[in-house]
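Down below is the structure, laid out as structure tokens.
What you see below is based on every heavy atom in this structure, not just the backbone, and it leaves out hydrogens, waters and symmetry mates. Owing to the predicted nature of the structure, the values given are computational and were not obtained by experimental measurement. Chain letters run A, B, ... following the sequence lines, proteins first, then strands; residues in each count from 1.
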Number of protein chains: 2
Amino acid sequence: MQNSKRASRVESSAVSNGPAGGGKVSAAARPVRFGPLNDYIGYWLRRAQVWAMTGFLETMKELDLRPTQFSVLILINENPGIRQTEVCAALGLQKANFVPLLNELERRGLAVRKVGSPDRRSSALYLTSQGETLLQRANQLHAQWEGQISARLGTRGQEQLRELLQKLT
Amino acid sequence: MQNSKRASRVESSAVSNGPAGGGKVSAAARPVRFGPLNDYIGYWLRRAQVWAMTGFLETMKELDLRPTQFSVLILINENPGIRQTEVCAALGLQKANFVPLLNELERRGLAVRKVGSPDRRSSALYLTSQGETLLQRANQLHAQWEGQISARLGTRGQEQLRELLQKLT
DNA sequence: TATTGTTATACTCTATAACTATA
DNA sequence: TATAGTTATAGAGTATAACAATA
């Protein structure tokens, strides 16, 4: 159980300001040429992902909720009694890594393992009422966050982005 | 110098198949409801990023080149004599983490630190001719990879995606 | 024999603090 | 005093192998 130490690391801006470059790096502040990097989808995907992760953590700060925890709560809420293996397969997590994650959710009183009747190897997962309450609040906050995104892209742009990302995977 | 052990881990599909779900998880294979997760930009951004990372590593396997290494080679090539601090600021890397990364590039004979004349604290970075050769090959391979992306999105979709991602950050 | 959940472990990425040598 | 580079270290995230209990 290595999750006892709360850290809440926020991963600072990470990818920084990019080509436009901004700031107090040095006196010189010579502009850096990015060359072909500016045209690479993978590069911008990584920058966008870091940006989104940072914004998400900032938004969820009051709940101290990580993206994976959020998606697990949603999945349990949508599929009461779901098994650990199913959650892992759906979200692409290793079952070994899911154990401490779920331990933490149980420790915080948000979810529970119930020993299953049909198959005594597996446990059925449920949200506690506390977990349901927290998830409702998380959904509120997440709506705010999506609002910030659509403020940048417009509703149409947001839809386009989602469609393009879906088409990619 | 902890980079001596070559690993070339490829991060397997990670996010798995998602809503459409695919496979041999179990006999039951009950469909998992994703609920609102399906509408969240951040969720799809992460899936797309994992997908792109996996494809990139697969494409660059012959060169054993990580995304960050690739972007650093490009930046040095575009800005001969650039300082470490500048590369870090441009790409959003911690200077402390840049040291082993650069050590590895030097160990492989792709880049060099030259002790600078004007400021003896800093070193100027250059590609070796071997580094230039490898970068050319990497650019070839990367073009193939972008080709796979545009095969999914179309040229227009690819442009749209890049624009939307840029607008986001 | 295969599967569920678990433990142990290891590698990568990212972050901070403290040090050195210069400026 | 401030900056460039370095070292040491710690915390997440993700991967594999091996195990016990159950099917």
Show the distances under 3.5 angstrom between N or O atoms of the protein and N or O atoms of nucleotides 5-7 of chain D.
from	atom 1	to	atom 2	distance (Å)
D:dG5	OP1	B:Gln84	N	3.3
D:dG5	OP1	B:Ser123	N	3.2
D:dG5	OP1	B:Ser123	O	3.4
D:dG5	OP2	B:Gln84	N	3.4
D:dG5	OP2	B:Thr85	N	2.7
D:dG5	OP2	B:Thr85	OG1	2.5
D:dG5	N7	B:Lys95	NZ	3.3
D:dG5	O6	B:Lys95	NZ	3.4
D:dT6	OP1	B:Arg113	NE	3.1
D:dT6	OP1	B:Arg113	NH2	3.3
D:dT6	OP2	B:Gln84	OE1	3.1
D:dT6	OP2	B:Gln84	NE2	2.9
D:dT6	OP2	B:Arg113	NH2	3.2

* Between D:dA15 and A:Gln94, is there an OP1 or OP2 to side-chain N/O distance shorter than 4.0 Å? -> yes
* Asked: Which whole-number value in Å describes the distance from A:Met53 CE to C:dC13 P?
  -> 15 Å
* Asked: Taking CD from A:Gln49 and P from C:dT14, how many angstroms apart are they, rounded to a whole number?
  -> 11 Å
* Please list, chain by chain and in numerical order, all residues satisfying side-chain contact (heavy atoms from CB on, under 4.5 Å) with B:Thr59, sequence neighbours excluded. => B:Leu141, B:Trp145, B:Gln148
* Taking CG from B:Leu93 and C1' from C:dA15, how many angstroms apart are they, rounded to a whole number? -> 12 Å
* Asked: A:Phe98: what forms a ring pair (Phe, Tyr, Trp, His ring centres under 6.0 Å) with it, not counting sequence neighbours?
  -> none
* Asked: Whole-Å distance between D:dA4 P and B:Lys114 NZ?
  -> 21 Å
* Under the salt bridge (Lys or Arg N to Asp or Glu O under 4.0 Å) test, residues paired with B:Arg120 that sit two or more places apart -> none
* Residues two or more places apart in sequence or in another chain: which of them pass side chain to side chain donor-acceptor pair (under 3.5 Å) with A:Asn97? -> none
* Let me know the distance between CH2 of A:Trp51 and C1' of C:dT14, rounded to the nearest Å. => 20 Å
* Between atom CZ in B:Phe56 and atom C1' in C:dT12, what is the gap in whole Å? -> 16 Å
* Among residues two or more places apart or on two chains, list those pairs meeting salt bridge (Lys or Arg N to Asp or Glu O under 4.0 Å) that have a residue in residues 132-145 of chain B. => B:Glu62-B:Arg137
* **Rounded interatomic separation in angstrom, taking CD from A:Gln69 and P from D:dA12** => 10 Å
* Asked: Is the distance from OP1 or OP2 of D:dA20 to the nearest side-chain N or O of A:Arg120 less than 4.0 Å?
  -> no
* B:Arg66 has an atom CZ; how far is it from atom P of D:dT14, in whole Å? -> 13 Å
* Check B:Leu164, B:Leu153, B:Leu45 against A:Leu165 for a side chain to side chain contact (heavy atoms under 4.5 Å, CB included) and give me the one that passes. => B:Leu45
